[in-house]
Amino acid sequence: MPNGILTVPHQRMGFYRGSNDCMLLLSFYGIVHDRRKSAPCDGWGVGRVVRRIYPDGSKGGIFFLMYNEVAGYTRFNTDIYPFYEDSGDSELIQACRELLSDRPVLNQMYEEQRNDKQLFPVPLRQAASFYTIKDGEMITVFKHGVSMRSSDGGRTWSEIVPNLTLKTSTGKVWGQKTDDGRFALMYNPTPDGQHRWPIAIVSGEDGLNFADMRAVTGYMSPQRYGGIDKNLGPQYMRGICERNPKAPDGRIHLVYSNNKEDIWISHLPPQTGLEPEKRISERFDEGGFPARWSVYSPAWAPVRMEGGAMRLSDCDPYDCARVERRVSESVRGRVSLELEVESVSSAYEIALSLHDELEGAPVEIYINARRELRVRAGGRDEKRLEVPFNQKFDIAIDFDCEKGAFTLACMGQTALFAMNTACTRIGRVSLATKSQRNIPYNDIYCNGKYGSNANDLPASGEKTEKTAAALFGFEYSAL
């Protein structure tokens with residue numbers, strides 16, 4: 001192997017735990033000779049490497065797990081790292097041997113080593129995701145929503161067939177059994193591979209039939225940087241494979257690439273028992289996030305539980321911090337919040353909104369850097385009053401969808417407003433550090449606005465003035 005050759009790592013799986021609790025971290029060294037003629041996953045890369053992850057998070061040395069001999073790389077001519085059998089670590093060797101004998105796990109490696117007919121005598125598909133449904137019967141779902149089944153624990157498999165009701169394209173599919181004994185599939189529900197948005201989750205009892213589609217990623221941040229093959233949206237999702245330890249909190253932990261720029265993680269509760277309540281009264285004590293709130297927390301716009309409040313902070317030029325509460329849909333109701341505003345960037349405004357079943361925002365209230373509480377209602381934007389900073393205050397909203405109106409009470413003042421849009425029910429409350437951004441994703445193509453470095457969003461890597469607010473209490477009554 002030539003010294004100094006550049007590789008492009010590529011893999012559809014990254015972790016494996018042996019029966020001896022030895023945790024492995026894996027990667028495949030792909031080769032790109034010519035971007036328009038080769039790719040790191042075309043089967044001609046160097047090979048797959050492995051290293052051990054210790055309980056404290058530290059990592060051991062790098063070893064080759066497999067050489068891609070069909071591409072000319074062998075144990076004898078590829079000496080940048082030793083072979084795992086020569087590691088001297090008996091636990092690592094045992095875990096590696098188990099991995100190499102675990103056919104469902106190996107199927108995840110097909111894409112990078114597709115030319116190895118000894119390893120893969122039968123052609124597979126890309127990005128395998130597998131789970132066990134009953135009595136050792138297994139399901140593997142691939143990219144493009146095609147799948148295969150095994151009745152003998154993964155030793156042999158059926159033909160690969162399309163799932164006609166699974167409408168997706170190239171953004172991959174993740175399936176798993178959840179801690180409530182049910183099953184979940186997560187994927188981009190669009191046949192358009194360029195616009196991979198949103199991530200949806202469907203759930204079911206038997207791992208074969210799924211329903212009740214919900215959005216994992218509703219709001220989506222803009223793509224900041226140009227480049228080739230930078231598909232839009234949250235994509236390439238992977239969860240915790242059933243060969244690995246379960247999450248102690250019982251949640252689904254889904255990792256994915258957002259706009260092919262950042263790596264995000266969504267922590268999802270089991271999809272049962274999520275029916276919204278008609279009466280809610282919440283205070284936010286120390287500890288984890290309340291289970292029924294959806295929290296959107298980017299690196300530069302984090303949401304934290306501190307001092308008896310959900311605290312939203314934001315210094316991101318394009319993204320925002322956001323918390324949302326789903327409530328029982330109602331024609332009439334009352335929403336009350338106890339807030340404290342620390343600061344607001346002069347370029348943006350804190351946004352409080354009530355949403356209908358069509359994702360519209362009939363009620364919109366904003367607070368800007370001038371301490372103005374503004375209301376957008378009936379097609380107008382008007383200052384209503386001034387609110388204090390660094391001091392708690394209450395906001396109460398009584399809405400009536402039949403009348404198309406709402407009453408706002410704050411700082412001892414009450415006023416009646418027309419709703420922004422006609423709606424039949426209110427079902428969600430949102431608080432964010434920036435107003436809603438409606439980006440025309442379907443009109444943006446990867447070889448257009450986001451296909452060139454000349455179209456990078458300006459100052460994407462520079463922090464802005466800080467916006468910070470805290471939510472101490474929330475109440476809702478459906479009338």
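Side chain of Arg149 to main chain of Glu137: no donor-acceptor pair is present (N/O by atom type, distance under 3.5 Å, no hydrogens or angles).
Between Asn231 and Gln235 the shortest heavy-atom distance is O-NE2, 2.9 Å. Counting all heavy atoms, side chain and backbone alike, Val216 lies closest to Ser266 at CG1-OG, 3.7 Å. For the pair Phe210 and Gly204, the tightest heavy-atom approach, listed with the atom from each and the gap, is CD2-N, 3.7 Å.
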**Message:** Walk me through whether Arg214 and Leu268 qualify under side chain to side chain contact (heavy atoms under 4.5 Å, CB included).
**Reply:** CA-CA 11 Å; Arg214 305 182 187 192; Leu268 311 173; over 6 Å; no

List the steps, then state whether side chain to side chain contact (heavy atoms under 4.5 Å, CB included) holds for Gln108 with Gln11.
-> CA-CA 8 Å; Gln108 298 175 101; Gln11 61 276 331; over 6 Å; no

Trace of the salt bridge (Lys or Arg N to Asp or Glu O under 4.0 Å) decision for Arg97 with Glu85 = CA-CA 9 Å; Arg97 289 174 177 173; Glu85 292 279 4; 2.9 Å; yes

- [ ] May I have the step-by-step check of side chain to side chain contact (heavy atoms under 4.5 Å, CB included) for Cys96 and Leu24, ending in yes or no?
- [x] CA-CA 8 Å; Cys96 288; Leu24 305 180; 4.0 Å; yes

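Residues satisfying the side-chain contact (heavy atoms from CB on, under 4.5 Å) test with Thr74, not counting sequence neighbours, are Glu69, Phe76, Asn77. Partners of Phe406 according to the ring pair (Phe, Tyr, Trp, His ring centres under 6.0 Å) rule, which considers only residues two or more places apart in sequence or in another chain, are Phe417.
No side-chain donor-acceptor contact under 3.5 Å links Thr140 and Asn107. When only modelled atom types and interatomic distance are considered, Ser328 and Tyr476 share no side-chain donor-acceptor pair under 3.5 Å. A donor atom on one side chain and an acceptor atom on the other are not found under 3.5 Å apart for Asn188 and Thr190. A donor and an acceptor atom, one from each side chain of Lys167 and Tyr187, are nowhere located under 3.5 Å apart. Using a 3.5 Å distance cut-off with no hydrogens or angles, the side chains of Asp152 and Thr156 do pair a donor with an acceptor. Counting only N and O atoms by type, the side chains of Tyr236 and Arg196 include a donor and acceptor under 3.5 Å apart. In summary, the side chains of Tyr296 and Asp319 do present a donor paired with an acceptor at a separation below 3.5 Å, with no hydrogens or angles considered. Side chains of Ser147 and Asn163: a donor on one and an acceptor on the other come within 3.5 Å. At a cut-off of 3.5 Å, with distance as the only test, no side-chain donor of Arg304 or Ser313 sits close to an acceptor on the other residue.
Rounded to the nearest 0.5 Å, atoms CZ (Phe64) and OG (Ser87) are 14.5 Å apart.
Judged as a salt bridge (charged side-chain N to carboxylate O under 4.0 Å, His left out), the pairs with a partner in residues 49-60 (not counting sequence neighbours) are, in order, Arg52-Asp89, Arg52-Glu91.
Other residues, nucleotides and ligands place no more than 12 heavy atoms under 6.0 Å from the CG atom of Asp135.
Ion pairing of Lys230 with Glu261 is present here, as a side-chain N (NZ or NE/NH1/NH2) and a carboxylate O approach within less than 4.0 Å.
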